[in-house]
Amino acid sequence: MSVILIVEQVLNGLQFGVMLFLMAAGLTLIFGVMGLINLAHGSLYMIGAFAAAATAEVTGSFLLALAAALAAAAAAGAIIEVTVIRRLYAAPHLNQVLATFALILILSEGTRWVFGSFPLFLDIPDILSGTVTLPGGIQYSLYRLILIATGFAIAIGLWVLIERTRLGIQIRAGENDREMIAVLGVDISSLYTLVFALGAALAGLAGALVGAIQSVQVGMGEPVLILAFVVIVIGGIGSIRGALVGALLVGLTDTLGGVFLPEIFKVFMEPGAAQRSGSALAAMGIYVLMGGVLVWRPTGLFGVRRCI
Amino acid sequence: MKKLLVTLVLTALSATGTLSEVRVGMITTLSGGGAGLGIDVRDGFMLAIKQSGRDDIEVVIEDDQRKPDIAVQLADKMIQSENVDVLTGIIWSNLAMAVVPGATAQGTFYLSPNAGPSLLAGRGCHENYFNVAWQNDNLHEAAGAHANTAGYRNSFILAPNYPAGQDALTGYKRMYDGALAGEVFTKLGQTDYAAEIAQIRASGADSVFFFLPGGMGISFLKQYADSGVDMPVLGPAFSFDQGILQAVGDAALGVVNTSQWNKDIDIPVNAAFVESFQKEYGRLPSLYASQGFDTANLLLSALEVANPSDMDAFRTALRAADFASTRGDFRFGPNHHPIQTLYAREVIREGDVYTNRIIGVALADHADAYAGDCAM
């Protein structure tokens with residue numbers, strides 16, 4: 001277990017974390033501002049990946065593919081908000097869960113209908129493929145480094161948006177007191193559509209970026225969705241800062257746990273069994289983390305107790 | 001009572017020479033993540049039925065959504081209210097384990113076009129259960145045998161942490177003679193393999209064996225190709241079938257994988273199958289499509305001899321496996337699992353389509369390791 005391997009795994013954890021952040025940021029914004037549980041967030045991730053793969057296939061340009069992913073996911077988000085979600089703000093959470101679960105099924109089968117059942121091809125652009133040598137002789141994938149940088153850049157961009165712009169003030173006000181900002185003359189319904197589309201665009205971007213190193217297929221969003229929910233519960237619902245910290249914690253716990261727990265188990269177990277039980281325990285790692293955080297801070301790391 | 005009545009009616013019908021209908025139930029995965037496999041099996045199966053020109057065979061097709069509970073419901077419905085004589089179609093081992101024992105115990109024949117869990121080949125074998133594809137371990141054993149041929153002495157092996165994944169590594173190790181540089185179980189459905197690839201890089205292995213079916217394999221191969229690790233990779237055909245290769249692209253070129261079938265097996269029946277499949281569906285067949293096609297042809301060959309209502313005669317006819325398989329020689333072992341030749345294939349590019357070509361025989365005339373446990 002060399003230092004190089006450990007550093008490499010930490011980078012892997014960071015990369016996983018920032019991609020989770022892109023998903024979780026939208027989810028937490030939507031929940032924070034509108035009080036809506038959006039299970040279809042994973043479908044927006046899938047839409048982004050499919051839009052990117054289809055565009056890359058036609059144009060051959062990765063940048064255009066990313067733009068298409070952003071546009072398609074934002075458009076899908078806006079349409080979903082206007083046609084379905086808008087009717088659900090006053091409804092109990094269970095109705096929201098049911099309706100957005102139905103959206104998952106509709107969007108998955110719709111995507112299959114358009115693109116077929118076989119996975120699509122989306123690859124890293126040539127200029128970003130291959131590895132770079134970092135100080136200390138660590139070979140690391142250039143594309144993954146770019147993903148880490150992109151994720152942090154978007155985190156900073158979101159922070160500026162929320163803390164330093166007029167739109168950000170409205171979003172924060174909407175989180176605190178919906179009725180009051182409506183009374184103050186803010187067009188609450190277009191604000192909701194905008195926030196939903198923004199969250200959707202972030203999910204779509206994550207789908208496209210990750211789709212280039214994974215498989216673009218129907219149903220790719222749901223596993224990520226579950227992790228994104230874990231992230232926002234850990235970080236505190238409604239908090240962008242919490243989403244970033246939570247995502248990095250989950251990314252690092254998951255990656256490092258998967259690598260090091262089996263190694264630790266090998267100290268006192270036969271290798272095959274250590275591998276199996278270590279992997280099984282590592283798969284639980286993030287949920288143990290979530291449980292621990294909730295015991296310590298029931299509203300999550302950066303959650304605020306709401307006055308109702 | 002109802003079944004007896006149906007049997008009587010069927011016997012009466014066939015006795016009077018009237019056309020008696022055979023009902024086949026196909027439960028397969030047509031939606032969700034693994035739908036490509038089910039669609040290929042269904043298309044291969046239906047192609048053979050169509051080519052037979054028989055209009056007295058009715059195939060009832062239902063989607064199990066890859067969920068064991070739904071598969072069980074469908075099987076009950078098909079057996080009890082649709083009165084199917086033969087069930088087939090299931091892709092996944094966990095679904096097969098949920099459906100097959102119950103179905104065969106109720107006197108329905110089950111022909112497996114894909115899943116071959118070890119329990120159904122060994123202690124849990126049944127006289128009404130026939131596997132037309134392979135026992136799950138077979139392709140991995142072939143990979144282990146190929147690793148010996150290729151001179152690999154230090155393999156790094158990985159598979160998802162679930163029964164079929166554990167069977168895969170067991171199968172590989174059963175035939176492979178060298179040492180292990182590492183053995184890793186990943187999460188089922190995992191899409192990011194950066195951590196495992198870093199371990200591979202640090203392990204000093206001379207080869208990598210992996211079993212990651214479907215989307216997991218696509219992710220692994222793309223990330224492996226981008227990681228700069230260049231030791232040879234090998235695996236079973238499940239990550240290199242016709243549906244997946246196009247999504248992996250150049251990253252798969254030259255990778256050796258093992259299969260019981262390939263489109264270049266040079267026999268007339270296979271050439272005709274590949275050509276007619278391509279003509280009918282506008283895409284190259286995968287190994288799953290060939291398995292669906294073979295399953296239907298096995299069924300058709302048995303129907304020539306006996307009606308499923310005459311269970312003993314029909315079973316004997318199935319056991320004879322008197323049909324022209326797309327993979328050449330095909331026969332059943334004592335546990336109704338195939339004894340067949342397994343090939344090593346290499347991923348190549350033909351024009352702008354990625355496909356496989358056979359580079360050699362990995363295991364000739366190979367039976368499974370569980371036949372001895374089967375008391376039939």
Side-chain angles (χ1 to χ4, degrees), chain A residues 1-2 4-9 11-13 15-16 19 53 105 108-109 112 116-124 128-132 139-144 210 212-220 222-224 254-259 262-263 271-272 275-280 282-283, chain B residues 29-40 66 160-161 166 169-170 173 180 182-199 201-203 214-223 225-229 241-251 283 286 354:
Chain A
M1 198 62 40
S2 65
I4 291 184
L5 185 61
I6 294 174
V7 174
E8 199 176 343
Q9 301 296 20
L11 284 173
N12 289 333
Q15 183 261 312
F16 185 38
M19 287 299 112
L105 300 179
S108 288
E109 289 313 301
R112 179 193 318 291
S117 298
F118 298 99
L120 294 195
F121 175 75
L122 177 65
D123 203 4
I124 306 171
L128 299 180
S129 67
T131 58
V132 285
Q139 278 206 346
Y140 199 70
S141 156
L142 174 61
Y143 185 74
R144 287 180 190 270
V210 169
I213 49 172
Q214 296 182 1
S215 95
V216 178
Q217 60 182 5
V218 173
M220 63 188 282
E222 277 67 58
V224 191
D254 194 60
T255 306
L256 298 180
V259 177
E263 293 299 322
Q275 211 19 271
R276 272 193 299 277
S277 29
S279 309
Chain B
T29 306
L30 301 173
S31 63
L37 286 70
I39 288 170
D40 269 358
R66 201 174 174 171
N161 199 10
Q166 289 158 13
L169 298 192
T170 312
K173 288 189 278 187
L180 291 180
E183 179 176 359
V184 164
F185 285 107
T186 62
K187 283 196 285 286
L188 189 60
Q190 183 172 328
T191 48
D192 200 307
Y193 294 92
E196 287 75 14
I197 291 169
Q199 284 175 281
R201 194 201 307 271
S203 71
M216 293 184 275
I218 299 177
S219 302
F220 176 78
L221 282 168
K222 281 162 83 171
Q223 292 162 23
D226 188 51
S227 71
V229 184
D241 72 69
Q242 210 57 48
I244 282 179
L245 280 179
Q246 318 314 318
V248 184
D250 280 346
R283 63 178 197 272
S286 66
Y354 296 89

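This one's a predicted model, so the numbers in the text were calculated from it and none came from an experiment. Convention: sequence-line order gives letters A, B, ...; per-chain numbering from 1. What's counted below: heavy atoms across the whole structure, side chains too, no hydrogens, waters or symmetry copies.
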Pick from [options]: which one has the most heavy-atom pairs with chain B under 4.5 Å?
options                      : value
A:Val224, A:Thr131, A:Leu105 : A:Thr131
A:Ile4, A:Leu122, A:Leu11    : A:Leu122
A:Ala212, A:Gly116, A:Gly13  : A:Ala212

Does A:Ser215 have any side-chain contact (heavy atoms from CB on, under 4.5 Å) partners at least two apart in sequence or in another chain, and if so, which? A:Gln217, B:Ile218, B:Ser219
Under 4.5 Å heavy-atom distance to chain A, tell me which part of [X] shows up: side chain, backbone, both or neither.
X        : answer
B:Leu30  : backbone
B:Asn161 : side chain
B:Gln190 : neither
B:Ala195 : both
B:Thr191 : both

List for me each residue that meets salt bridge (Lys or Arg N to Asp or Glu O under 4.0 Å) alongside B:Asp192, sequence neighbours excluded, and say none if there are none. A:Arg144
Count the heavy-atom pairs under 4.5 Å between each of B:Ala251, B:Gly215, B:Gly189 and chain A, then report the option with the highest count.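 The answer is B:Gly215.
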Side chain, backbone, both or neither of [X] within contact of chain B (heavy atoms, under 4.5 Å):
X        : result
A:Ile213 : both
A:Glu222 : neither
A:Pro223 : neither
A:Ser108 : neither
A:Gln139 : both
A:Ala53  : neither

What's the shortest heavy-atom distance between [X] and [Y], and which atoms?
X        : Y        : answer
A:Ser141 : B:Asp226 : OG-OD2, 3.0 Å
B:Lys187 : B:Met216 : O-SD, 4.3 Å
B:Gly243 : A:Pro119 : O-CD, 4.1 Å
A:Leu128 : A:Leu142 : O-CB, 3.6 Å
A:Pro262 : A:Gly257 : CD-O, 3.7 Å
B:Ala198 : A:Leu5   : O-CD1, 3.4 Å

Any chance you could lay out the side-chain contact (heavy atoms from CB on, under 4.5 Å) test for B:Tyr354 and B:Val248, step after step, and finish with the verdict? CA-CA 9 Å; B:Tyr354 296 89; B:Val248 184; over 6 Å; no
Closer than 3.5 angstrom, by distance alone: can the side chain of A:Arg112 be matched with the main-chain N or O of B:Ala35 as a donor-acceptor pair? no
